[in-house]
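Just below is one structure, and these are the notes that go with it.
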Amino acid sequence: EQIYSLFQFQEEAKIFFGSVLIVQNSTTLIDGISGTGKTELVHLLAKVFFSRENPEEMDFAHVSCTQDLTPLDVLYYIDLPKLMKGIELVVPRPIITVRFKSFSEIKRASTSLLNSLLPLLSERFALYRDQKFPSPDFVCILDANPHDSGSTTIPTAFSDRIDYSFQMPTVPPQAVVGLIDVHEENG
């Protein structure tokens, strides 16, 4: 309730996000202009609903998309010392293994990255060559700003993996101070 009051959400939005968080293996797109608190909302939801026993740890991973990010940057680690010995050891990054996944600025992701995310979002696994890395049941939230010169059109195959969407309202001026305070508290 405190999170929703920060954004001054109407009842419909509260029900929407409450529902999104309990629907396993779902992907939601939050669309809105810059500065509406989309990413901050996701981080607050992660802190409240996906904390582990140790309050410093969360079952959450976040990726800020850019055109430069490759599937390898986002999905896998390669053990370089072993690779130098001729052994290719690939380990999944947290975005595969956590229960709450977040991608901000999804319209800035490269087509290559979006294509690599298809099996993760639809079938709960990621592929690297002949290796298959399973994901636990999850909730995934994507956020996006309006289309601009730095963004791309999301391919149909990717948008077909989006189950729900929400148009983020502009944060009222009186709420901005509260969001800034929360952001500074959370680092």
Side-chain angles (χ1 to χ4, degrees), residues 17 20-31 38-52 54 56-145 147-148 150-166 186-187:
F17 282 105
V20 160
L21 291 171
I22 62 171
V23 177
Q24 293 295 298
N25 306 314
S26 65
T27 301
T28 299
L29 174 66
I30 303 174
D31 213 350
K38 299 177 297 289
T39 304
E40 188 67 32
L41 172 64
V42 171
H43 285 271
L44 289 171
L45 292 171
K47 189 172 186 175
V48 171
F49 294 102
F50 290 88
S51 290
R52 294 184 175 161
N54 177 349
E56 299 299 314
E57 294 180 23
M58 291 188 285
D59 199 3
F60 169 70
H62 175 81
V63 173
S64 294
C65 297
T66 66
Q67 284 287 327
D68 299 337
L69 283 179
T70 68
L72 190 62
D73 295 328
V74 173
L75 299 173
Y76 315 104
Y77 295 108
I78 294 183
D79 186 324
L80 292 178
K82 288 197 180 200
L83 188 60
M84 290 172 56
K85 295 177 183 174
I87 302 165
E88 186 177 43
L89 176 63
V90 179
V91 179
R93 289 188 185 263
I95 200 72
I96 294 174
T97 60
V98 297
R99 293 182 311 117
F100 190 26
K101 306 170 189 315
S102 168
F103 296 88
S104 63
E105 300 287 349
I106 195 67
K107 290 180 182 176
R108 294 188 185 282
S110 67
T111 303
S112 172
L113 177 56
L114 293 174
N115 286 336
S116 294
L117 294 174
L118 295 176
L120 179 62
L121 298 180
S122 63
E123 301 170 55
R124 295 191 326 274
F125 65 82
L127 290 172
Y128 178 81
R129 299 185 189 194
D130 62 344
Q131 296 178 60
K132 189 174 180 178
F133 299 100
S135 172
D137 289 341
F138 64 85
V139 172
C140 179
I141 297 184
L142 318 168
D143 77 48
N145 289 326
H147 194 79
D148 65 19
S151 56
T152 60
T153 302
I154 294 177
T156 303
F158 189 85
S159 60
D160 282 347
R161 270 53 174 201
I162 298 171
D163 302 301
Y164 310 104
S165 65
F166 179 78
N186 291 323

Query raised in the report: Does the pair C140 and R161 meet the rule for a side-chain contact (heavy atoms from CB on, under 4.5 Å), with working shown?
Result: CA-CA 11 Å; C140 179; R161 270 53 174 201; over 6 Å; no
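- Separation of atoms CD1 (I106) and CG (L29) is listed at 8.5 Å; rounding is to 0.5 Å.
- Inter-residue side-chain proximity for D163 and V23 is flagged as unmet; no heavy-atom pair is nearer than 4.5 Å.
- Atom-to-atom distance recorded for S64:OG and F103:CZ is 10.5 Å, nearest 0.5 angstrom.
- Tested against R108, the residues D68, T152, D148 include a single side-chain contact (heavy atoms from CB on, under 4.5 Å) partner, D148.
- Within the 4.5 Å cutoff, the side chain of S104 has no heavy atoms near those of the K38 side chain.
- Shown here for I95 and A61, the closest heavy-atom pair between the two residues is CD1-O, 3.5 Å.
- Between R99 and V139 there is no side-chain heavy-atom pair separated by less than 4.5 Å.
- Counting all heavy atoms, side chain and backbone alike, K101 lies closest to S135 at NZ-OG, 3.1 Å.
- With values rounded to the nearest 0.5 angstrom, T28 atom OG1 is found 7.5 Å from L142 atom CG.
- Two residues are said to be in side-chain contact when any heavy atoms from C-beta on lie closer than 4.5 Å; Y76 and V91 fail this criterion.
- Residues F166 and I141 are not in side-chain contact: their nearest non-hydrogen atoms beyond the backbone lie 4.5 Å or more apart.
- Annotation: side chain of R93 is not in contact with side chain of I96 (no heavy-atom distance under 4.5 Å).
- The side-chain heavy atoms of F133 and L75, taken from C-beta on, include no pair separated by under 4.5 Å.
- With rounding to the nearest 0.5 Å, the separation of OG1 in T27 from CZ in F158 is 7.0 Å.
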Quiz prompt | Residue pair I30, F17: steps toward the side-chain contact (heavy atoms from CB on, under 4.5 Å) verdict | solution = CA-CA 10 Å; I30 303 174; F17 282 105; 3.7 Å; yes
Donor-acceptor contacts, no H, no angles, side chain residues 113-125, under 3.5 Å, sequence neighbours left out:
from, atom 1, to, atom 2, distance (Å)
N115, ND2, T111, O, 3.4
S116, OG, S112, O, 3.1
S122, OG, L118, O, 2.9
R124, NE, D137, OD1, 3.1

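- You'll find the side chain of F60 reaches within 4.5 Å of the side chain of H43, heavy atoms only.
- The shortest heavy-atom contact between V98 and F138 is O-CB, 4.1 Å.
- Under a 3.5 Å cut-off, the side chain of K82 and the backbone N or O of I87 do not form any donor-acceptor pair.
- Of the N and O atoms on the side chains of D143 and T39, at least one donor lies less than 3.5 Å from an acceptor on the other residue.
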Show your working on side-chain contact (heavy atoms from CB on, under 4.5 Å) between D59 and F100 and close with a plain yes or no.
CA-CA 6 Å; D59 199 3; F100 190 26; 5.9 Å; no
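- Nearest heavy atoms, L69 versus S110: O-OG, 3.5 Å.
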field: side-chain contact (heavy atoms from CB on, under 4.5 Å) between D31 and K107, intermediate numbers included
entry: CA-CA 10 Å; D31 213 350; K107 290 180 182 176; 4.0 Å; yes
